Structure formats: structure tokens, C-alpha cells
Protein chains: 2
Amino acid sequence: MPDTIIERLRAGGKKLTKARKALLEILVQSALPMTAAELHVRLRNAKKPMDLVTVYRNLAMLHQLGLVTAVGLHDGQIRYEVRHGRAHHHHIQCRGCGKIVDLMLCPMKKLTSLIEAQTKFAVESHTLEFFGWCPQCR
Amino acid sequence: MPDTIIERLRAGGKKLTKARKALLEILVQSALPMTAAELHVRLRNAKKPMDLVTVYRNLAMLHQLGLVTAVGLHDGQIRYEVRHGRAHHHHIQCRGCGKIVDLMLCPMKKLTSLIEAQTKFAVESHTLEFFGWCPQCR
DNA sequence: CTGGTAAATGCAAGTCATCTGCATTCCAGA
DNA sequence: TCTGGAATGCAGATGACTTGCATTTACCAG
């Protein structure tokens, strides 16, 4: 697990418990964003069971510290992925099987200042997600 | 209420009940996307009370028929807006007070074909929502 | 390396948005 | 007007996520 993550935990006054370390290891290795429920199962399988509530609390804390990104696709669940070492990006999800694929792009930079001028909002973040049919489902 | 909406309801084998008509009238007049709960209150105030469950069922049906768009901001609720007579657009929501403002733009057209080529998905739709601080809250 | 303390955890129970089952009521076409 | 499928309301369930509280644990000071 990257040292940066540990440092930023410490800087936020957080402890690196065994449980938390196991959760972070799974999340760091995951290629795609995961839900709390998925992490709960993976931790159980890895013989490091963690209460589902604790998974939620850890994800909320990691999000607060900016160590993970929340991904809101439209199935009523929130997914999380570690931010460390990954460029800002978006996703596409299949309407049929729910498969998620990373998109390594983001054309929003110029648009943001245009929107700030138009609305007088201070833009903090944005979501950009695509939905469609994957090769197997279409 | 636009005739197109009624026609498309009929074409989908749906009936235009008094209750449904009241719901559509409120939704057509609303400048911003509304949640099921908001519609439930507005219908009650308009002396046309409709059970919250029926609101959900109607919104799901209208979405199925493509008459309304679902807007997923990140507060765990789904908002809906009528599609008729409105160009495809996106939103920005204030992190502080939750205010929502329409953005009359969408730069995604070119990107879509690029993504289709890259992923072999057939892109059906996308969401693009911005979050930040409105003039009053920042 | 040991003890104190704030942070972290697990369990139980609560919220909140949304959905399902079922009996009743209501449109829309014959 | 009659009638069958659609729509509705009510009750209760679901599923994601939160909160309260007592117990355990990591980490720092001594």
C-alpha cells in the first residue's frame, strides 16, 4: 500500500488498524470502484471480516480525507475507488449486465470556468458517467 | 399540457387519469427537476392528493416511456423533469444549500462516438452534473 | 514497555427512499 | 352503459445507509 495513503491518514488524526489496512489493500488492488457491500464480502473472503457498518464508516472517512472518490452510477449504490496514483477519470456502465469500464478522459476543464462565469457558482467537482450496452449485451 | 405527452401515453397503452393529469401538470410547469416526495406535497397542496407510491409508479412509467428524464444528484434521491420541449441539458447543485440550476449545454456529442470506438459499448445516455458553492453559500 | 486516551469497532436498532402485494376503483373502447 | 385491463391506495417489505452505545485497539508519553 502506498505510503502517501498512510501519511495522509496520520495527518488526519486517523489510526491504521489491521482492519482498515485490509480494507485499503483490497481497495488499492481493485481495478474498478467498489460498493460497501462488495468490500464487506471481499474482506470476509480474505479472512479479515469487518462489520458492514465499519466498512461504511471507513469509506466515509476516506472520502472526507479525499483519499477515495465516490462514484454514483444509477443503481442506488455508491461505489468508491482510491485516488492515489490514478488520473481523474469517468466510467461507463452497461444497462444490461451492470459491467463497469473505466474511461481515461475528462474534457471538463474548459467547461468549468465557463459554467462558473455563467452561474457564479464555485465549481468543486463534477460527475460524468455514461450508460449503454456492452458488446455482450447488445 | 402538451398534446404530445398525451399521445405518447396512449401509444404506450396508458390511461390519462385525473390523478396522473394533475401530476403531469405540476411536472410540466416546474422549472427544475422534482423528487417523488416533492411531487407528493405539491399534489396535496393542489387539492389533488396522490399516494406517494402512486407518484413513484407514475414516475417510473413516464421514465420508461421516455417522457421524463431522471436526474441523479448525490443526495440519494432521484429527481425527474419533463422532456417535452426542452433541450438536453445538465445541472449544477450547491454543496451548501442544495440549490439546483439548469445548465443549457452539453459538449458530449463528439465524445460519445470516441467512447463507442474505444469500449465497443453502444452508448445510450450519459449524466453530467456539477457540484459547487452558489453565490450565497460560498 | 506499559498505561492512558482518543479513535475504531461490532452489535442492535433506526432512517429514509423506494418497491411489492393485494383488494378496490376507474378509464376507454365495444 | 358494460366490462376488462389499467390505476390507485393502503399496508407492509426491502435495501442502502446511519446512529447510539458499550467494548476493544492503536499510538504516544512517560
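Keep in mind the model is a prediction, meaning the values are calculated, not measured.
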Write down the distance between [atom1] ([X]) and [atom2] ([N]), rounded to a whole number of angstrom.
| X | N | atom1 | atom2 | value |
| --- | --- | --- | --- | --- |
| A:I78 | C:dA17 | CD1 | C1' | 13 Å |
| A:Y56 | C:dG14 | OH | P | 19 Å |
| B:L9 | C:dA28 | CG | P | 10 Å |

With sequence neighbours excluded, what pairs up with B:R86 under the salt bridge (Lys or Arg N to Asp or Glu O under 4.0 Å) test?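 Partners of B:R86 by the salt bridge (Lys or Arg N to Asp or Glu O under 4.0 Å) criterion, ordered by chain and then number, come out as B:E81, B:D102.
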With sequence neighbours excluded, residues passing salt bridge (Lys or Arg N to Asp or Glu O under 4.0 Å) with B:E124: A:R95
Bounds of contact between DNA chain D and chain B, in 5' to 3' order, using a heavy-atom cut-off under 4.0 Å: D:dG4 to D:dA11
Can you list the stems that DNA chain D is part of, where a stem is at least 3 pairs in a row, each Watson-Crick or G-U, with both distances below 3.5 Å?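 When the pairs of DNA chain D are grouped into runs of at least three, the stems are C:1-30 with D:1-30.
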Can you name the ring pair (Phe, Tyr, Trp, His ring centres under 6.0 Å) partners of A:H88, sequence neighbours left out?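 With neighbours one apart ignored, the set is A:H90, A:H126.
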Please determine whether side-chain contact (heavy atoms from CB on, under 4.5 Å) holds for the pair B:M50 and B:R44, giving the CA-CA distance in whole Å, both sets of side-chain angles, and the decisive distance to 0.1 Å. CA-CA 7 Å; B:M50 176 189 284; B:R44 158 172 282 286; over 6 Å; no
Checking side-chain contact (heavy atoms from CB on, under 4.5 Å) for the pair B:K18/B:K48: CA distance, chi angles, key distance, verdict? CA-CA 9 Å; B:K18 288 177 201 158; B:K48 311 261 173 157; over 6 Å; no
Name all residues meeting the side chain to side chain contact (heavy atoms under 4.5 Å, CB included) criterion together with B:Q64; count only those two or more places apart in sequence or in a different chain, and write none if there are none.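 For B:Q64 there are no side chain to side chain contact (heavy atoms under 4.5 Å, CB included) partners, ignoring immediate neighbours.
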Pick one: which of B:R79, B:Q77, B:R42 meets side chain to side chain contact (heavy atoms under 4.5 Å, CB included) with B:M34? B:R42
Taking only residues at least two apart or on different chains, which pairs with a member in residues 28-68 of chain A satisfy ring-ring contact (aromatic ring centres under 6.0 Å, His included)? none
For nucleotides 2-10 of chain C, just jot down a letter per nucleotide in 5' to 3' order: B, S or -, based on protein non-hydrogen atoms under 4.0 Å. ----BSSBB
Under the side-chain contact (heavy atoms from CB on, under 4.5 Å) criterion, do B:K21 and B:I6 qualify, and how do the steps go? CA-CA 9 Å; B:K21 199 177 165 194; B:I6 299 170; over 6 Å; no
Members other than A:L128 in its cluster, when Ile, Leu, Val, Met, Phe, Trp, Tyr link by side-chain heavy atoms under 4.5 Å?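 Answer for A:L128: A:I92, A:V101, A:L103, A:L105, A:M108, A:L111, A:L114, A:I115, A:F121, A:V123, A:F130, B:I92, B:V101, B:L103, B:L105, B:M108, B:L111, B:L114, B:I115, B:F121, B:V123, B:L128, B:F130.
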Cluster partners of A:M104, using ILVMFWY side-chain heavy atoms under 4.5 angstrom, listed by chain and number? none
Kindly indicate whether the side chain of A:L24, heavy atoms from C-beta on, has any atom under 4.5 Å from the side chain of A:L62. yes
Give, ordered by number, those residues of residues 36-46 of chain A having at least one heavy-atom distance below 4.0 Å to an atom of DNA chain D; if nothing qualifies, reply none.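 Close to the strand, none.
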Residues that A:K15 engages under side-chain hydrogen bond (donor to acceptor under 3.5 Å, both in side chains), provided they are two or more places apart: none
